[in-house]
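Since the structure is predicted, the reported quantities are computational estimates derived from the model, not experimental observations.
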Amino acid sequence: MKTLILKRPKDKEKFYDESNFKIFINGKFLAKLGQNDIKEVTIQEDKIEIQAKKFRFDCSKKEMIELEERTEVEINRVLYLNNPSLIMFLFPMIFTVLYSSDIYWLRVFIVSLSVILFFWLINLYIKNKNKTIKITKI
């Protein structure tokens with residue numbers, strides 16, 4: 001029997017996130033892990049595939065880990081630089097211009113730009129969804 005220690009240290013995360021991560025080993029749910037939580041689990045296998053998920057879309061890559069007698073794994077939330085929420089500040093400015101302008105072509109341009117920006121953000125989020133949580137063997 002091998003011991004797997006799951007850690008989520010608060011001081012290594014870039015920002016405060018009180019949500020729990022769901023930890024899956026070999027595709028099966030194992031535990032929930034909050035900030036500053038430490039879980040100790042005994043596992044019989046020598047190699048495991050581990051993944052952490054926050055919601056349906058935020059997750060880590062599936063990592064293959066070779067277990068020793070006592071293996072420590074850190075799971076951290078990563079502030080990914082291409083996070084769509086960093087660009088959301090543009091929407092209030094766009095809608096302010098949209099409602100205050102009487103020029104028809106400018107309003108059509110702003111609506112078109114908003115639709116393109118919205119779909120670009122969704123595409124960016126879906127493309128980078130598995131880069132928001134990092135799993136590291138210590």
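Apart from I75 itself, the hydrophobic cluster it occupies contains L4, L6, F21, I23, I25, L30, L33, V41, I43, I48, I50, I65, L67, V73, I133, I135, where clustering links Ile, Leu, Val, Met, Phe, Trp and Tyr at side-chain heavy-atom distances under 4.5 Å. Think of I5 as one node in a network of Ile, Leu, Val, Met, Phe, Trp and Tyr side chains linked at under 4.5 Å; its network also takes in I38. Side-chain contacts under 4.5 Å among hydrophobic residues (ILVMFWY), followed directly or transitively, place F24 together with F29.
For E49, there are no salt bridge (Lys or Arg N to Asp or Glu O under 4.0 Å) partners, not counting sequence neighbours. Residues passing the side-chain hydrogen bond (donor to acceptor under 3.5 Å, both in side chains) test with K134, sequence neighbours excluded: none. Contacts of E74 classified as side chain to side chain contact (heavy atoms under 4.5 Å, CB included), with partners at least two apart in sequence or in another chain: K7, P9, K12, N76, I138. Qualifying side-chain hydrogen bond (donor to acceptor under 3.5 Å, both in side chains) partners for E63, counting only residues two or more places apart in sequence or in other chains: none. Partners of N123 according to the side-chain hydrogen bond (donor to acceptor under 3.5 Å, both in side chains) rule, which considers only residues two or more places apart in sequence or in another chain, do not exist here. Partners of T3 by side-chain hydrogen bond (donor to acceptor under 3.5 Å, both in side chains), not counting sequence neighbours: none found. By the side chain to side chain contact (heavy atoms under 4.5 Å, CB included) test, F119 is found to be paired with V115, residues two or more places apart in sequence or in another chain being considered. K137 meets the salt bridge (Lys or Arg N to Asp or Glu O under 4.0 Å) test with E68; sequence neighbours excluded.
Counting non-hydrogen atoms of neighbouring residues, nucleotides and ligands closer than 6.0 angstrom, the CD atom of Q44 reaches no more than 12 such neighbours. For K2, the NZ atom counts as densely surrounded, since its 6.0 Å shell holds more than 12 non-hydrogen atoms of other residues, nucleotides or ligands.
For the pair E40/R70, a side-chain contact is recorded, criterion being any heavy-atom separation below 4.5 Å from C-beta on.
Looking at every heavy atom in both residues, K53 comes nearest to C59 through CG-CB, 3.8 Å.
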Side-chain atoms of residues 102-110: list all donor-acceptor pairs with protein atoms under 3.5 Å, sequence neighbours left out, distances to 0.1 Å.
from	atom 1	to	atom 2	distance (Å)
R107	NE	L98	O	3.2

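The distance from the NZ atom of K39 to the CZ atom of R8 is 12.0 Å, given to the nearest 0.5 Å. The distance from the NZ atom of K32 to the OG atom of S19 is 11.0 Å, given to the nearest 0.5 Å. Once rounded to the nearest 0.5 Å, the distance linking CE of M1 with CD of E45 reads 10.5 Å.
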